[in-house]
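This report refers to the structure that appears directly beneath it.
Ligands are counted one by one from 1 in listed order, and the atoms in each one are counted from 1 as well. Sequence positions, counted from 1, serve as the residue numbers for this chain.
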Amino acid sequence: MSALRDRVVLITGAGSGLGRAMALAFSRAGAIVVAADLDETAAQRVVGEIEAEAGRGLALALDVSQAESVAHAVATTVAAWGRLEILVNNAGICPLTPFPEISRAEWEHVLAVNLTGVFLCAQAAFPHLCACGHGRIINIASLAGRTGGVTVGLHYVASKGGVISLTKALARLLAPWHGTANCIAPGPIETPLTAAWPDENRELLRRQIPLGRLGRPEEVAAAALYLASDAAAFVTGATLDVNGGIAML
Ligand SMILES: NC(=O)c1ccc[n+]([C@@H]2O[C@H](COP(=O)([O-])OP(=O)(O)OC[C@H]3O[C@@H](n4cnc5c(N)ncnc54)[C@H](O)[C@@H]3O)[C@@H](O)[C@H]2O)c1
C-alpha cells in the first residue's frame, strides 16, 4: 500500500490515459505526485482526483520538447518538495500518418516530443535522481519500438526505438548512484490515444493478442509501480513488455 511512501515522482503527460493511471497508482502507493502535462487543465483534474483521495500532488504545465519548460518543471518540483526521486517519461504523441506522407516537420515534431523530451527531462532531473541515492527513471516506450509497428507512423516507431536505447545508456549513468532506468513497452492499451484509432485498427490488433483484449491503463501502472519500488533495485536497463502476449520477445 505504501511502498513509495513520501517518494517524489514527476510524471509527464499525466493528464490522460497511462499518465493519469500512473499518477493515481503512485499516489495510492504513498508517493507525492507532480502531474505535468501540455494540457494543464487535464493535469489539474488528475491532481483533483488525487487530493479527493487524500493524496498529495501538484499540477504543472509542461511541454517536454522545450528545454525551458522542462527546467521550470524540475525546479518547481524541487522547490515544492525538496527532492525528485522518480521520473516517469510518459508524454507522447502517436500520429498514424502513412510513410510517404510524413513531412520533415511532422517527423521532427514526433521525435522532439517522444525522444528529445525524454532526453531533456532525464538531463534536468539527473542531478536530483543521483542525489537521493535511489533514483528511478521509467520511460514509456512502446511495442512498436520493439517490433517495427503495424498501424502506427514510422516516426513514432523510430522515436520509441530511440527511447529503448536511451534508457540503457541512462541505466549505466545512474548506476553509480544506486539508481535505475527502465522502459515499459506497452502493447495496445485502452486510452484516449487508441480510442481515436479506426475501429478496424483496434480490431486487427485485438485479434492478434493471445489474451484477447486490449490492456487497461492500470496494468501499465502496476508495472511502473514495480519498477519504481525498492523490490526492483537490481533491475536496470530492462524493457518490460506489457502487451497481452502479442509479441513474446
Ligand atoms: N495507449 C497505448 O496503446 C500505448 C501503447 C504503447 C505506448 N504508449 C505510450 O504511452 C504514452 C501515453 O499514451 P496514452 O495512450 O496515455 O496517450 P494519451 O494521448 O491518452 O495521453 C498522452 C498525454 O501526453 C500529453 N502530451 C502530449 N504532448 C506533450 C508534450 N509535448 N509535453 C507534455 N505532455 C504532452 C497529452 O496532453 C496527454 O495528456 C505515450 O508515450 C504513448 O506513446 C501508449
Side-chain angles (χ1 to χ4, degrees), residues 10-25 34-47 59-74 87-96 108-121 124 138-153 155-164 166-167 183-197 201-202 204-206 208-209 213-221 223-224 239-244 246-247:
L10 171 61
I11 304 177
T12 70
S16 174
L18 303 186
R20 172 182 169 273
M22 290 190 283
L24 292 170
V34 179
D37 203 294
L38 195 58
D39 181 345
E40 189 178 8
T41 309
Q44 283 164 345
R45 250 194 324 268
V46 170
V47 170
L60 289 182
L62 168 66
D63 182 345
V64 295
S65 68
Q66 302 298 320
E68 312 75 45
S69 179
V70 169
H72 179 260
V74 169
L87 170 67
V88 181
N89 285 307
N90 165 76
I93 51 175
C94 182
L96 306 182
E108 287 178 355
H109 181 56
V110 171
L111 271 288
V113 175
N114 291 3
L115 182 56
T116 307
V118 175
F119 159 71
L120 291 173
C121 290
I138 298 164
N139 294 329
I140 307 303
S142 174
L143 169 69
R146 302 266 273 161
T147 63
V150 181
T151 55
V152 294
H155 38 10
Y156 178 81
V157 173
S159 71
K160 294 299 189 178
V163 168
I164 293 170
L166 178 57
T167 305
C183 283
I184 297 173
I189 311 291
E190 299 277 10
T191 70
L193 188 155
T194 50
W197 288 357
N201 286 25
R202 275 205 313 280
L204 175 72
L205 289 164
R206 193 194 59 72
Q208 295 171 51
I209 298 174
R213 62 174 176 83
L214 271 64
R216 303 182 187 104
E218 296 72 26
E219 292 169 324
V220 175
T239 303
L240 179 50
D241 295 303
V242 180
N243 67 24
I246 189 171

Proximity to ligand 1 by part of Leu62, non-hydrogen separation under 4.0 Å: backbone
Check against side chain to side chain donor-acceptor pair (under 3.5 Å), Asn139 and Thr167: CA-CA 7 Å; Asn139 294 329; Thr167 305; 2.9 Å; yes
Distance-minimising heavy-atom pair for Cys94 and Val152: SG-CG1, 3.5 Å
Lys160, portion touching ligand 1 at heavy-atom distance under 4.0 Å: side chain
Verdict with supporting geometry, Leu62 and Asp37, side-chain contact (heavy atoms from CB on, under 4.5 Å): CA-CA 5 Å; Leu62 168 66; Asp37 203 294; over 6 Å; no
Non-hydrogen atoms of Pro186 and Leu18 that approach each other most closely: CG-CD1, 4.2 Å
Per-atom contacts, ligand 1 versus Gly17 - under 4.0 Å to a heavy atom: 16 (O), 20 (O)
Which residue and heavy atom of the protein sit nearest atom 13 (O) of ligand 1, plus the separation: Leu193 CD1, 3.9 Å
Ligand-residue contact atoms, ligand 1 with Pro188, heavy atoms, under 4.0 Å: 3 (O)
Qualifying residue, where the test is side-chain contact (heavy atoms from CB on, under 4.5 Å) with Leu205 and the options are Thr151, Leu143, Thr194, Asn243: Thr151
Region of Leu18 that comes within reach of ligand 1 [heavy atoms, distance under 4.0 Å]: both
Close N or O approach (Asn90, ligand 1; < 3.5 Å): yes
Ile93/Val110 under side-chain contact (heavy atoms from CB on, under 4.5 Å): CA gap, chis, key distance, verdict: CA-CA 7 Å; Ile93 51 175; Val110 171; 4.2 Å; yes
For atom 20 (O) of ligand 1, the protein heavy atom that lies nearest, with its residue and separation: Ser16 OG, 2.6 Å
Nearest non-hydrogen partners of Val70 and Leu120, listed with the distance: CG1-O, 3.6 Å
Trace of the side-chain contact (heavy atoms from CB on, under 4.5 Å) decision for Ile11 with Val34: CA-CA 6 Å; Ile11 304 177; Val34 179; over 6 Å; no
Ligand 1 atoms in contact with Thr194 (distance to a heavy atom under 4.0 Å): 1 (N), 2 (C), 3 (O)
Nitrogen or oxygen of Ala36 less than 3.5 angstrom from that of ligand 1: no
Contact summary for Ala25 and Ala221, nearest pair of heavy atoms: CB-CB, 3.8 Å
Taking atom 9 (C) of ligand 1 as the reference point, the nearest protein heavy atom with its distance: Ile140 CG2, 3.7 Å
Any Ala42 heavy atom less than 4.0 Å from ligand 1: no
For atom 23 (C) of ligand 1, the protein heavy atom that lies nearest, with its residue and separation: Gly13 O, 3.7 Å
Nearest protein heavy atom with distance in Å, relative to atom 3 (O) of ligand 1: Ile189 N, 2.8 Å
Residue Ala91 vicinity, atoms of ligand 1 by number, heavy atom under 4.0 Å: 24 (O), 33 (C), 34 (N), 35 (C), 41 (O)
Closest approach of any protein heavy atom to atom 1 (N) of ligand 1, naming residue and atom: Thr191 OG1, 3.1 Å
Ser65, any N or O under 3.5 Å of ligand 1 N or O: no
Where ligand 1 meets Tyr156 - atom numbers and elements under 4.0 angstrom, heavy-atom basis: 6 (C), 7 (C), 8 (N), 9 (C), 42 (C), 43 (O)
Option whose closest heavy atom lies nearest to atom 7 (C) of ligand 1, chosen from Ala141, Gly92, Pro192: Ala141
Partners meeting side-chain hydrogen bond (donor to acceptor under 3.5 Å, both in side chains) with Gln44 (sequence neighbours left out): none
Cys121 and its side-chain contact (heavy atoms from CB on, under 4.5 Å) partner, picked from Leu87, Asn90, Leu10: Leu87
Shortest protein heavy-atom distance from atom 31 (N) of ligand 1, along with the residue and atom involved: Asp63 OD1, 3.0 Å
Glu40 bridged to Arg45 by N-O distance under 4.0 Å: no
Ala112: partners by side chain to side chain contact (heavy atoms under 4.5 Å, CB included), with sequence neighbours left out: Ser65
Nearest-contact summary for atom 6 (C) of ligand 1 - protein heavy atom, Å: Pro186 O, 3.3 Å
Min heavy-atom dist Gly187 to ligand 1 below 4.0 Å: yes
The one among Val152, Leu38, Asp37 that brings a heavy atom closest to atom 29 (C) of ligand 1: Leu38
Beyond-backbone contact of Ile189 with Glu219, side-chain heavy atoms, under 4.5 angstrom: no
